[in-house]
**Q** 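There's a structure below that I have some questions on.
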Amino acid sequence: GEDVEQSLFLSVREGDSSVINCTYTDSSSTYLYWYKQEPGAGLQLLTYIFSNMDMKQDQRLTVLLNKKDKHLSLRIADTQTGDSAIYFCAEKDRRAGGSYIPTFGRGTSLIVHP
Amino acid sequence: DAGITQSPRHKVTETGTPVTLRCHQTENHRYMYWYRQDPGHGLRLIHYSYGVKDTDKGEVSDGYSVSRSKTEDFLLTLESATSSQTSVYFCAISESAEGSDTQYFGPGTRLTVL
């Protein structure tokens, strides 16, 4: 079955760049996602990338996809204390019946300290 | 924010009692999902629905049942709660289950089974 792996913790200093990494096993994954979860809240979609892309940039966020190695990363430039949260990687592939149901990683807790 | 509410937001119950969690949406989205979030496991899919009266199992469906009698409501029932079902439960919705479609998450329900 599908498997999505992430490291559990990342600690950075305010103003530095953060890089959160994710690996997945399903080579048929067509869409890969990054979600952010702030304390006590549900998940919010940050960005996604289609599998035929290598990179996607959106303001301070850069997503890199290495399809050969099945590796996805999220870079946050100029990390702020408000970026402290849990970040989830997710992938979608088509299941029986034609639906795309996402599989989530365990989440990476990003801690930003002054 | 997508119009998704969950009720109750917090519940404490005893082993063996039935529990029903409600997810309500105002977006008229076709797909609704129930996930549980546990430390070290990330989000795991319990059940999902692709229309009124149309549901399917996720990866951790044992001990749970769902019902969807109206587009806007998706109910998750624990027929006889166990301590292993202590968790935070998230509802999500999406317009379709196409690869590019985004899931929107509710605020979560924290359930404690004593």
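Proteins get letters first, then strands, A, B, ... in listed order; numbering begins at 1 in each. Note that this is a predicted model, so its numbers are computed, not measured.
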**Q** Which answer fits B:Tyr50, side chain, backbone, both or neither, if we ask what part of it has an atom under 4.5 Å from a heavy atom of chain A?
**A**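 The answer is neither part of B:Tyr50.
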**Q** What are the two closest non-hydrogen atoms of B:Gly42 and A:Phe88, and how far apart are they?
**A** CA-CE2, 4.0 Å
**Q** Group every Ile, Leu, Val, Met, Phe, Trp and Tyr by side-chain heavy-atom contacts under 4.5 Å, then state whether A:Leu74 and A:Ile111 land in the same group.
**A** no
**Q** Hydrophobic clusters here meaning ILVMFWY residues chained together by side-chain heavy-atom distances under 4.5 Å, can you tell me if A:Leu45 and A:Leu61 are in one?
**A** yes
**Q** Any chance CD of B:Glu14 has more than 12 other-residue heavy atoms, nucleotides or ligands included, within less than 6.0 Å?
**A** no
**Q** Out of curiosity, A:Ile101 CD1 to B:Gln103 CD, how far, rounded to the nearest 0.5 Å?
**A** 7.5 Å
**Q** Measure the spacing between CG of A:Leu43 and CZ of B:Phe90 and express it to the nearest 0.5 Å.
**A** 6.5 Å
**Q** Would you give the length of the straight line joining atom CD of A:Gln37 to atom CG of B:Leu43, rounded to the nearest 0.5 angstrom?
**A** 7.0 Å
**Q** Going only through I, L, V, M, F, W and Y residues with side-chain contacts under 4.5 Å, is there a path from A:Met53 to A:Tyr24?
**A**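 A:Met53 clusters together with A:Tyr24.
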**Q** In this structure, are over 12 heavy atoms from other groups packed under 6.0 Å from A:Phe9 atom CZ?
**A** no
**Q** Which atoms of B:Gln6 are under 4.5 Å from chain A, going by heavy atoms: the side chain, the backbone, both sets, or neither?
**A** neither
**Q** Please check if B:Ile46 and B:Leu75 belong to a single hydrophobic cluster, counting links between Ile, Leu, Val, Met, Phe, Trp and Tyr side chain heavy atoms closer than 4.5 Å.
**A**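 No, no single cluster joins them.
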**Q** Given heavy-atom pairs under 4.5 angstrom as the criterion, report whether the side chain, backbone, both or neither of A:Tyr35 touches chain B.
**A**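 For A:Tyr35, the contact with chain B is made by the side chain alone.
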**Q** Between A:Phe104 and B:His41, is the side chain to side chain contact (heavy atoms under 4.5 Å, CB included) condition met? List the steps.
**A** CA-CA 9 Å; A:Phe104 289 84; B:His41 288 280; over 6 Å; no
**Q** In terms of hydrophobic clusters joined by side-chain contacts under 4.5 Å, are A:Leu10 and A:Ile86 together?
**A**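 Yes.
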**Q** Is it the backbone or the side chain of B:Arg44 that comes under 4.5 Å from a heavy atom of chain A, or both, or neither?
**A** neither
